[in-house]
Amino acid sequence: VTRLVLALALVLAAAPAAAASPRWGTFEIGAQSYRPDIDAEFAASPGPYETVFGRGRGWMLQLGVSRAIWTTVGSLELGLRTGFFQDRGRSLFERDGVVELSDEDTTLRIIPTSVALTYRFDWLVETHGIPFAPYARVALERYNWWVTDGAGRSRREGATNGWSVTGGLAFLLDFLDPSLARELDRDSGVNHTYLFVELTRSDIDDFGSSRSWSLSDERFSIGAGLMFVF
Amino acid sequence: MRPALLLALLALPVAGVAQAPAASGQLLEIDNFDPVAMRSFINAAQCAGESPLRLEWNIVSLVGAFTGGGSYRIYSANRLTDDTGFCPEEPEPLASPEVRAGLVDSVAVTSAVQQKLDGSGAVAAQRAGFGCEVEGSELFLCAHWVDANSERSGWAQGRFRIQVAAPLAPTLDRVGPGDGRLRARWTVGAGGTVAPRHYVAQATPVDEEGNPVEGEATVFSSRTNASETWISGLTNGTRYQVAVVAFSVGGNPSPESNPLFETPGPVEDFWDVYLGAGGREEGGCASGRAGPLALLAAAALLVALRRRR
């Protein structure tokens with residue numbers, strides 16, 4: 001990851017605001033740690049999720065595109081986001097009254113979709129060349145999920161809605177090589193390239209429905225990725 | 001291994017081993033053709049006459065369009081006739097003492113692409129001057145189209161290698177239960193003169209003492225190049241003895257691996273486990289009342305932002 005970031009930093013470089021092409025919005029690609037809090041509804045431990053999938057956290061890949069709707073002081077953007085998460089475990093098998101893991105796989109797969117409103121304070125970047133831009137995001141989430149059996153067949157599918165809030169800090173990679181960044185802007189229209197890290201708190205339980213499980217993260221999700229302003 | 005079992009294994013569908021139809025001018029062994037080396041094999045069972053050669057050829061016509069009629073004559077030889085696709089034919093005078101050749105079989109013409117499933121590998125090897133004990137001997141098999149006027153009018157030929165050595169037996173490391181199936185994992189037998197090309201796992205129903213149950217058939221997996229496979233179509237609750245056999249590129253089977261025993265049975269996937277624990281999720285969409293309200297609020301926000309612009 002470090003090498004990738006450094007390589008991208010060399011390629012995607014800065015463009016002064018005065019010379020930048022018109023801005024439309026942003027495109028993001030990244031990943032965040034994730035573990036659904038399905039076991040929260042069970043008093044017994046381990047719950048079914050831990051029994052089948054273990055205790056580890058996984059990674060949710062994420063993509064997003066946003067349209068800038070206000071750029072006077074900082075940037076307010078409205079966007080759509082999606083991604084993919086999968087956890088793979090073993091189905092259970094009972095032998096002589098003892099439950100053990102079988103050789104059959106079972107998976108939980110999630111495609112999150114969301115409508116997000118993001119405010120990024122990039123005024124310092126645009127006016128003073130300070131390469132940091134904090135941001136905050138609120139999103140309405142819809143996690144489309146399905147469970148598969150050992151043959152890969154879908155056993156059950158559904159969608160769980162919720163919301164999330166995110167806070168993060170974006171570092172302007174253009175700062176490392178402004179001339180390359182200008183060249184990239186001329187060639188492809190990418191004004192800026194940011195490396196971001198963020199924390200997300202999600203609440204994905206169909207807004208408290210008594211018939212839904214919780215796909216909220218057990219705790220804060222830590223995410224990172226690249227954001228292209230174009 | 002009993003010949004019937006061997007035949008059953010050899011007749012299994014191929015998984016991961018490319019089987020292409022014969023190209024124009026090509027004659028190949030259907031089961032033992034290596035498309036990378038463009039060479040077929042005559043394995044130990046075929047060379048001993050215990051298993052048929054399954055030949056397929058695609059004739060190149062030397063007289064314009066293929067018209068059919070006449071017969072195909074299958075020859076084997078240790079070399080091809082110079083500048084042609086034909087094998088030397090006996091009893092014609094041979095060009096040199098080094099040429100060894102002979103008629104193996106003949107069959108009536110039905111098509112330019114034709115198969116013959118009972119050619120004898122032993123005869124082919126002998127006609128080319130080899131014995132089955134000579135590992136790695138190379139020979140050619142040719143199909144000569146002799147038309148209705150007894151003119152030699154077309155050919156197809158293929159390179160063959162005699163392979164009588166078999167891979168070492170793999171080591172069966174683990175057998176795991178599934179729903180109506182078992183998963184076998186193994187490691188390749190170390191050493192040996194012939195590398196394994198593919199594997200077939202087998203499950204035999206056994207009683208409590210490990211003896212095969214009379215009247216119950218052994219179930220085979222499909223061929224695989226990997227080091228694990230599922231054996232499907234088993235009966236839950238029945239105890240099986242599992243073993244795996246490695247095959248060379250020529251189709252020679254190794255001895256069976258060490259046996260392991262396992263019993264397939266019903267399994268509970270994550271959804272079963274979740275429901276079994278008393279989970280409340282029902283699937284589908286089950287938003288609480290706040291869900292639609294939040295979506296309406298989002299829609300209103302979008303409209304408001306749109307108007308401001």
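The chains referred to below are lettered A, B, ... by the order of the sequence lines, with proteins before strands, and numbering in each begins at 1. Side chains included, hydrogens not; waters and symmetry mates left out as well; all remaining heavy atoms used.
Within the 4.5 angstrom heavy-atom criterion, atoms from both the backbone and the side chain of Y49(A) approach chain B. With a 4.5 Å cut-off on non-hydrogen atoms, T148(A) touches chain B through its backbone but not through its side chain. E228(B) does not touch chain A: none of its heavy atoms, backbone or side chain, sits under 4.5 Å away. Interface residue W145(A): only side-chain heavy atoms are found under 4.5 Å from chain B.
Ring pair F270(B)/W213(A) is parallel by interplanar angle, where below 30° counts as parallel and above 60° as perpendicular.
Contacts with chain B were tallied for G158(A), G47(A), A151(A), G89(A); G158(A) has the most, counting heavy-atom pairs under 4.5 Å. Ranking L108(A), L92(A), D105(A) against chain B, the residue ahead of the rest is L92(A), based on heavy-atom pairs under 4.5 Å. Of all the listed residues (G176(B), P177(B), A277(B)), the one sharing the greatest number of non-hydrogen pairs under 4.5 Å with chain A is P177(B). Comparing W163(A), W146(A), F53(A) by heavy-atom pairs within less than 4.5 Å of chain B, the highest count is held by F53(A).
We find the OG1-CZ distance between T106(A) and R88(A) to be 9.5 Å, quoted to the nearest 0.5 Å.
With sequence neighbours left out, E216(B) forms a salt bridge (Lys or Arg N to Asp or Glu O under 4.0 Å) with no residue at all.
No donor-acceptor pair under 3.5 Å is formed between the side chain of R90(A) and the backbone N or O of L101(A).
Salt bridge annotation for D87(A)-R35(A): absent, with no cationic side-chain nitrogen under 4.0 angstrom from a carboxylate oxygen.
Pairs passing the ring pair (Phe, Tyr, Trp, His ring centres under 6.0 Å) check and including a residue from residues 79-103 of chain A, sequence neighbours excluded, read Y34(A)-F85(A).
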